Every structure is written in C-alpha cells, then in structure tokens.
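Structure record follows, encoded as structure tokens.
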Amino acid sequence: MGAEESSVRPKPRHIAIIMDGNGRWAESRGLPRAEGHRRGVEAVRLAVEGAIEQGIPHLTLFSFSSENWSRPAAEISALMGLLKRFIRRDLAELHRNGVRIRIIGERTGVEEDVVLLLEEAEQLTRANTRLELTVAFNYGARAEIARAAAKLAGQVRAGEIEPGDITEERFAAALDTGGTPDPDLLIRTSGEQRLSNFLLWQLAYAELVFTDVLWPDFDRDHLASAITTYQSRERRFGGLSARSSA
Ligand code: IPE
Ligand code: IPE
Ligand code: MG
C-alpha cells in the first residue's frame, strides 16, 4: 500500500440518514405522495445493500417521526402499510444477509400488528453481526432523552445508583440507542438542512452531509459520494488540526 493510499481517512463506522423528499419526488411527477413513499422503500433496500458492500457496520434510518402523526390519516396509513409490507417481504433476506434489526422510538400508540412485526424482526435477527440496521420509528429525540432521564431517576429512587453516578456514558446507555456507537456521518436528502428532532444527543460530533437528491432517487453512488465527502473532512473534536499541532 502506497503512502497516499494509507493516508485516506477511515470510512464512517455508523451512518445515520434522514430519508426526506418522498412527497416532493411524487408531487413533481403528478403522482400521489404515497407513490413517493413506495419508491422510498426501494431506496432503503439500496442503502442497506450499499452499506453492506462498503463494509459499514451500523446504519440508522429515520423512517417515521413522532411528529409525522400530524400528517393526513391516508398518508399515515399508507406509510404503515409500506412498513408492514417491507418487513413481511424483506425480513428473510435481511436475515440471510446477516443484518441485525433494531427499532428505536416509542411503541405505545403504534398499531398492535405493526409492533408485533417490529418485535419479530428484532427477535429473528438478534444474533446477526454483519450490519446493525437501526430503524427510528415513531421516534423523537427529545422524548427519547426524557425517557432515559426517567429511567435513571427510577434507578436512583430504587437505590440502585446515586445521582452522581449519572455520567455521560450511563446516560448514553439509557437511551434507545444504548450499546450502539454514535453516528460518524449524518446524511439528509432533499435539500433540507435541519435535524427535525433526530438523534440530538448522539449526533453531537457527527459530520453533516446535506444533499439535494430526493430520497427515492438516492442510490449506491450517492451513498459512496457522501462517504467520500466524510473522508475529506477533518474531525477535530475540539482539538487542533493535525497540521497546526505538528
Ligand atoms: C420523508 O419524505 C418520509 C417521511 C417523513 C415519512 P416526506 O414525506 O417528508 O417528503 P417531503 O419532505 O414532503 O418531500
Ligand atoms: C423527518 O422528515 C422525518 C423523517 C424523515 C422520517 P420530515 O419531512 O418529517 O421533517 P420536517 O417536517 O421537514 O422537519
Ligand atoms: Mg419531509
């Protein structure tokens, strides 16, 4: 390996994606929004395959936010239908490909049959190690942080820990994402540049990559290009750049 090659920065270990722009993709074609969501599922398949091909061990996808309940009932029902169909159709293949599925977010308020499918997906794939696929469903970061605080408060009340035991590490472990490393790279499609209540704690030092590509058009090449952009960034974590500290 030449000097130049060995100096390439490592790929992200964990990529998180805000899959946005399904509705605009459909509307720009005169199609119903649900058609954009249906095409968005195809892009999910490509992203999972792309992550496996690139050797990325952790992928987190924002599939439905706790704020998305404010959309029209017909759109919500189309999204729930797509999620159910996706799990029914793709679970066996994801399992064969060594994907471990993890669902984060709030389960109360979600239809019983959806919850059962989510649990089945987690149970079946729990021993897989090739790719950990975290799906954020009925997820909101502030609610997740409040749930973690409540959990730790309960442990204090039960006398299991002292208030002073609540370190950053213990707090992170109490989040829905406990045990998974923080995302190194956050991608948001469709040109929007905001976090929309996604992984507020975990993204503290993530590199942010925004692309105008609408989610249904996002393919392996777009994923590869976001990874290359990530590798061109210098992560300093509050320190000095390699150049100035030399
Ligand atoms: C993302 O696409 C999918 C979900 C939020 C469920 P949108 O439905 O938000 O698409 P736009 O932003 O309206 O184009
Ligand atoms: C964020 O997208 C949620 C998901 C991608 C699931 P939204 O389209 O709901 O976000 P806002 O409303 O534009 O902030
Ligand atoms: Mg949107």
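Everything numeric here is computed off the predicted structure, so don't read it as measured data. For reference, positions follow the sequence shown, starting with 1. Ligands are counted one by one from 1 in listed order, and the atoms in each one are counted from 1 as well. Excluded from the calculations below are hydrogen atoms, water molecules and symmetry mates; all remaining heavy atoms, backbone and side chain alike, are included.
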Inset, instruction - Say whether, by atom type as modelled, one donor and one acceptor occur between the side chain of Arg188 and the main chain of Leu208 under 3.5 angstrom. - result: no
Legend entry - The single option from Thr134, Leu131, Leu94 passing side chain to side chain contact (heavy atoms under 4.5 Å, CB included) against Ile101: Leu94
Inset, instruction - For Arg39 and Glu42, run salt bridge (Lys or Arg N to Asp or Glu O under 4.0 Å): C-alpha distance rounded to whole Å, both residues' side-chain angles, the deciding distance at 0.1 Å, then the answer. - result: CA-CA 5 Å; Arg39 292 293 295 258; Glu42 299 295 329; over 6 Å; no
Inset, instruction - Flag the pair Ile145 / Arg142 as yes when at least one side-chain heavy-atom distance between them is below 4.5 Å, and no otherwise. - result: no
Inset, instruction - Check whether any side-chain heavy atom of Arg33 sits under 4.5 Å from a side-chain heavy atom of Arg71, and report yes or no. - result: yes
Legend entry - Aromatic plane relationship, Tyr139 with Phe62 - under 30° parallel, 30 to 60° tilted, over 60° perpendicular: perpendicular
Legend entry - Near ligand 1, at a heavy-atom separation below 4.0 Å: residues by chain and residue number: Met19, Asp20, Gly21, Asn22, Gly23, Arg24, Arg33, His37, Ser63, Asn68, Arg71, Glu75, Leu79
Legend entry - Numbering as shown, the atoms of ligand 2 that approach Arg194 to under 4.0 Å (heavy-atom distance): 11 (P), 13 (O), 14 (O)
Legend entry - Rounded distance (nearest 0.5 Å) linking atom NE2 of His222 with atom CG of Asp217: 7.0 Å
Legend entry - Carboxylate-amine/guanidinium proximity below 4.0 Å for Arg107 and Glu122: yes
Inset, instruction - Answer yes or no: is there a side-chain heavy-atom contact under 4.5 Å between Phe86 and Arg45? - result: yes
Legend entry - Arg29 side-chain N/O to Trp25 backbone N/O, donor-acceptor pair under 3.5 Å: yes
Inset, instruction - Could you grab the protein N, O or S atoms closer than 2.8 Å to the Mg ion (ligand 3) for me? - result: Asp20 OD1
